[in-house]
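A, B, ... follow the sequence lines: proteins, then strands. Residue 1 opens every chain. In this text, all values refer to a predicted model and were calculated from it rather than measured experimentally.
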2 protein chains.
Amino acid sequence: MATTGTDLSRMREMNQLSIVWALRGNPPSTVTELAGRTGLSRPAVDVLVQALVTDGWAAVEEPGAKSVVGRPARRYRFRADAGHALGIDIGVHKILVMLSDLEGNLVRTVRRPADPEADPAARLATVDETVDELLAAAGMTESDIWGLTVGVTGPVDASGRTSLFTPLPGWSTADPAGHLAGRFRCPIQVENDCKLAAVAERWKGVAQDADDIVYLLAGIRTGAGLILDGTLRRGHGGAAGEIGALKAVRWLDAPGHLAACPGVPASARPGEAAAWVFQAAREGNREAKTAVRRYTRDLAVGVAALVLALDPEIVVLGGGFSRSADIILDPLHRELTKHCLRLPELRTSTLGDESVALGGLRLALDDIDDRMLSAELAAPRAPRG
Amino acid sequence: MATTGTDLSRMREMNQLSIVWALRGNPPSTVTELAGRTGLSRPAVDVLVQALVTDGWAAVEEPGAKSVVGRPARRYRFRADAGHALGIDIGVHKILVMLSDLEGNLVRTVRRPADPEADPAARLATVDETVDELLAAAGMTESDIWGLTVGVTGPVDASGRTSLFTPLPGWSTADPAGHLAGRFRCPIQVENDCKLAAVAERWKGVAQDADDIVYLLAGIRTGAGLILDGTLRRGHGGAAGEIGALKAVRWLDAPGHLAACPGVPASARPGEAAAWVFQAAREGNREAKTAVRRYTRDLAVGVAALVLALDPEIVVLGGGFSRSADIILDPLHRELTKHCLRLPELRTSTLGDESVALGGLRLALDDIDDRMLSAELAAPRAPRG
DNA sequence: CTGGATATCGCTGGGCAGTTTACTAATTCC
DNA sequence: GGAATTAGTAAACTGCCCAGCGATATCCAG
């Protein structure tokens, strides 16, 4: 930890930054309020915030005759619309793109269906179309986007590829980052979908209060994303959370218990079959209940392995099957009790299928913050990848 | 992240701190060298380092006629002996206490045998005697110790107890922190032995270059300690790494394969039996080799679970059996290849049975740094727990 | 033994950032 | 309309770092 020395100019930069942090996420603030939040004196805040205004980071709101005594104060707000971020979920069945401003306020969402059998080129073409539609609807161009994250299935290596494995056909050689770099000059991240969903749960989901989270994707696929000490755990090769690959953990076969349940309509697609079984179990069907019990039993081994390895505060149940959490949660809890030393809290995701794109947004915003705000504070401008 | 504003005095403090970091771990340095390391100007460093001298953090070394041209420079050194730290390993068979200065230089080590069957009171009495002997030999008193860490077996909760389980008889209700707080007024930490060993491997062992480490304690007991992103991973309830509790992971039974090997002398104690088997396997004994293969097969399941969950850079093989790494490493590597997606590097610990106390030292020193150096820089004084 | 080369030491003036203090401006309450 | 309250602004003040200069100490060549 080679701390480097500081001089006056750096100090001013830091104070300007501290004002940005005090402005962001708060309603338009007066100089006095900012002075209170930052610990700086009023004159100092005044000078700094005016510099932020001329730089384009902040905007003045003239006082709107508030019902307070004393002279009404000018209010300053962070110009969250100075830049925007994209979260792109490249799923098996859908492409979902979300647009937010610098404060993370959602501006627009566009969703398109995707053919599960589509090859990478076709899938990326759909991504392009979806992005086109969203940008057009929002009245923006590529240069308005300061950062974006792509969520894909399978572990993502340092180059943004999913070389180890992925359920998307042909995707192990696809290069989504390279493809998008042709359009976007901003930093582009590619990340595993479970990891992004975990990030989303901590940002806007049911795990906002926790620093140590195991996110469980329970659906036709089974996977996990880890947040430790409040930051996403990627793993040295990007493959953290892939406990399902262990043979003793039967995550690959687990959903098969549901599909193999007697009575499932022969015409049902995988997702429908599971939904049928959960509904049947809800209605008391004995065989369905057995299938669910077998499923959760297999699911629990992997969760227990993660819980024992990491001792998290919360396990979040997400993915398509989390809609049937009322059926899954109890047997899962019982199974985990058998395996674990210390049982973490079990919560059910409420973000639905937007969690991956949301987590992508958060990661893109974090990256923007790292580049724009921590280093130096120039005029607002899209960072270059 | 509510960054707080900064003023001149804080800036000076930060610069003084950066000089402390530039002094520590380096040979006595000239003002010019410090200026180069910190990026500050020579006059600034001069003033700050002189303040450090009057505060007692630094000492002047008059120039010793060096073979350089030009006027010989005064050299300043960090007064690492201003305070000291203790690392205490409360093991099943031994009590080991290590003393270091603020730079982590070992000053003295004292070891005493412990009765495996001793109750907590007797064990803590042995700890007291060992500490007494060490302090007397070093010519110090309790007030010279600024921080200490106790290593024990079993997961440690927030209060410093091992309430979940521990192989030390009666220890689940023992309170080593409370006991030592009667003597020492400095901060006292209690931590799991595997976790401390992991810290030691990153500090002075074979994993100094890695940020993501799984430490495997392979001995009569089996356990693990995790370092992620360069910091010890404790877990929300202090039970991270306890993957051995999973039934599918046969860590409890694994060493039994060695003890049960045909041909082991009936009189051998557990540790001796394992050593006998490893030696026999080395000499080509077929049954011993089978026992070792069975042992590593069981061991590998748990390691694979940790590797798949965390995707570390390095797995360090430590514990008593690591002396026979030549026999274990190959079959372990083969088994891991079967289970894992991406195989981390496998290394063997070289720290021996001092790793727990060493890791305790590192944790105590980190705590001292956090309290003394990051916050404010008063005159050197032992922090209060 | 002496003078030059070299690098540190110690000092001084300049600039900058934030604080304190004081004063003026704008609004509400009575 | 005046008192009370709060915001905006300007000045003086303090503290810190930096650039630059002369003084100092040592080595080395002749």
Side-chain N,O (B:Asn15) to OP1/OP2 (D:dC17) below 4.0 Å:
yes

Do the charged groups of B:Asp366 and B:Arg362 touch, with an N to O distance under 4.0 Å?
yes

Measure CG/A:Asp46 against C1'/D:dA7 and give the value in whole Å, please.
10 Å

In whole angstrom, give the distance that lies between atom CE of B:Met11 and atom P of D:dT14.
18 Å

Considering only NZ, NE, NH1 and NH2 on the basic side and carboxylate oxygens on the acidic side, decide whether B:Asp101 and B:Arg79 come within less than 4.0 Å.
no

A:Arg12 CZ to C:dC16 P, in whole Å, measures 11 Å

Whole Å only: how far is the CZ atom of A:Arg10 from the P atom of C:dC16?
19 Å

Using the side-chain heavy atoms of B:Ala73, tell me which of these nucleotides is nearest: C:dC9, D:dT9, D:dC18.
C:dC9

So what does A:Thr32 hit on the nucleic acid, given a heavy-atom distance under 4.0 Å: a base, only sugar-phosphate, or nothing?
sugar-phosphate

With a 3.5 Å cut-off and just heavy-atom distances, do the side chain of B:Arg71 and the base of C:dT6 make a donor-acceptor pair?
no

Quick one, A:Asp367 and A:Pro187 - any side-chain contact, counting heavy atoms below 4.5 Å?
yes

Quick one: which of D:dC17, D:dA25, D:dT6 gets closest to the side chain of B:Pro72?
D:dA25

Test: B:Arg233 and A:Asp212 ion pair at under 4.0 Å:
yes

A:Asp7 atom CG is separated from C:dG15 atom C1', nearest whole Å, by 12 Å

How many Å lie between CD on B:Glu13 and C1' on D:dC17, as a whole number?
16 Å

Between P on C:dA7 and CZ on B:Arg42, what's the gap in Å once rounded to a whole number?
11 Å

Pairing of A:Glu142 and A:Arg183 as salt bridge, 4.0 angstrom limit
yes

Earlier contact from the 5' end, DNA chain D, for B:Val45 and A:Pro43:
A:Pro43

Starting at the 5' end of DNA chain D, which residue's closest nucleotide do you reach first, A:Thr30 or A:Leu8?
A:Thr30

Residue mapping more 5' on DNA chain C - nearest nucleotide basis, A:Gly70 or A:Val47:
A:Val47

Let me know, please, whether B:Gln50 or B:Thr6 comes out on the 5' side of the other along DNA chain C by nearest nucleotide.
B:Gln50

Nearest-angstrom distance from the residue atom CD of B:Glu33 to C1' of C:dC9
15 Å

